[in-house]
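To keep things clear, I will list the structure first and then write my remarks on it.
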Amino acid sequence: MVEVKNLTKFYGSIKAVDDISFTVETGEVLGFLGPNGAGKSTTMNMITGYLSSTSGTVTIDGCEILDDPIHAKSKIGYLPEIPPLYIDMTVKKYLEFMFDLKKVKLPKKEHIDEVMRLTKITEQADRIIKHLSKGYRQRVGLAQALLGNPPVIILDEPTVGLDPKQIIEIRKLIRNLGKKHTVIFSSHVLSEVCDRIVVISKGKIVADAKTDELSAQVSGGQKLSLTAEGSSADITEAIKKIPAVKRVTKTGSNADGSGKYMIEYETSSDIRRDVYNAMVRVGAVILDMQSGNETLEDMFLKLTSGKYDSRKEDM
Ligand code: ADP
Ligand code: MG
């Protein structure tokens, strides 16, 4: 279990992380999501003991990172934003080197073979790291994090800079890691796959929820926005009579005299034909009709106050 309590970090007078707290249960895969500059890397560097906090504590399996850094660090495998690769080494030599550096006490050859197998780099074992693609380098970084079989794996933006195919591969790997490890990974992409999501914005946590709960919350109803010309009272009444409709609100009037309406209705139905027929009945004219489901992405955009990095990876 990882427990982050009231963690705060100032860089000079800049407050990069502002009093954040969350816990990650054993075996959970936590997505630590937020726009660039939100404070993700700073937080991860504090969780892993690479950076001291201004205040607050991090506990790994009951062991406080600053009280007993060597013991706490041995429980963590970390892939920083810029992986610490020695690019002139071969994959295998590098992993052997890191194995020794970390003082891992497992059978060396078997363990390195196992880690390469897990990250699917066995065939790259004798290649020099600088000749590998970004995706394979990232896997080598991941393999390095897995050395010593630490219970907690922390990955800072493991999918950044990868192409869509590589992103899918790395996500698959992360999901697999979740079977045996507690995983925390960060991303500026909102559509990541994980059990739980913590959203950070400007150093503060703005959301912390189980992914399925969040999804249920946002897809609990559907919305249709309508622009129609005619009597507002007639239009509202006619729409209310459609069985699947839960609520209709007039949201504005246009200069041409038409009105804007927001219709909320039950998820399973498509009410566009009903709306059309209702408008015909009361002699109103539809000028525009758009269904707008709130997605997780919309919700995050709101949570991070529109300051979201516009780069998107739709995978
Ligand atoms: P993220 O990983 O979410 O992009 P960071 O943790 O890297 O965010 O940065 C959070 C904030 O702290 C940003 O405003 C960034 O400019 C600032 N920051 C990060 N590292 C340093 C540093 N070494 N010195 C000064 N400011 C920093
Ligand atoms: Mg970062």
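Counting convention: from 1, in listed order, for ligands and their atoms alike.
Applying side chain to side chain contact (heavy atoms under 4.5 Å, CB included) to L142 and the options L173, L118, V115, I121 leaves one that passes, L173.
Those atoms of ligand 1 with a heavy atom of P35 less than 4.0 angstrom away are 3 (O). Near N36, with a cut-off below 4.0 Å to any heavy atom, the atoms of ligand 1 are 4 (O). Close contacts of ligand 1 with A38, meaning ligand atoms under 4.0 Å from a residue heavy atom, involve 1 (P), 3 (O), 8 (O). Listed by atom number, the atoms of ligand 1 under 4.0 Å from S41 heavy atoms are 1 (P), 2 (O), 6 (O), 7 (O).
Distances from the Mg ion (ligand 2) show that E81 has an N/O/S atom below 2.8 Å. Among the atoms of S41, an N, O or S atom is found under 2.8 Å from the Mg ion (ligand 2).
For the pair G37 and ligand 1, a heavy-atom separation below 4.0 Å is found. G12 does not count as a contact of ligand 1, since none of its heavy atoms falls under 4.0 Å from the ligand.
Proximity of the aromatic rings of Y86 and F97 is defined here by a centroid distance below 6.0 angstrom, and this criterion is met.
The environment of NZ in K75 is crowded: more than 12 heavy-atom neighbours from other residues, nucleotides or ligands sit within 6.0 Å.
By the definition of a contact as any protein heavy atom under 4.0 Å away, atom 7 (O) of ligand 1 is in contact. Atom 13 (C) of ligand 1 is flagged as protein-proximal [any protein heavy atom, distance under 4.0 Å].
Closest approach of T227 to S258, counting heavy atoms only: CG2-OG, 3.8 Å.
Under the 6.0 Å distance and 45° angle rule, R139 counts as a cation-pi partner of Y136.
Salt-bridge check for K210 with D195: failed, with every basic side-chain N at 4.0 Å or more from each acidic carboxylate O. Look at D288 and K260 and you find no salt bridge, because none of the NZ, NE, NH1 or NH2 atoms lies under 4.0 Å from a carboxylate O.
Residue T43 has no N or O atom closer than 3.5 Å to an N or O atom of ligand 1.
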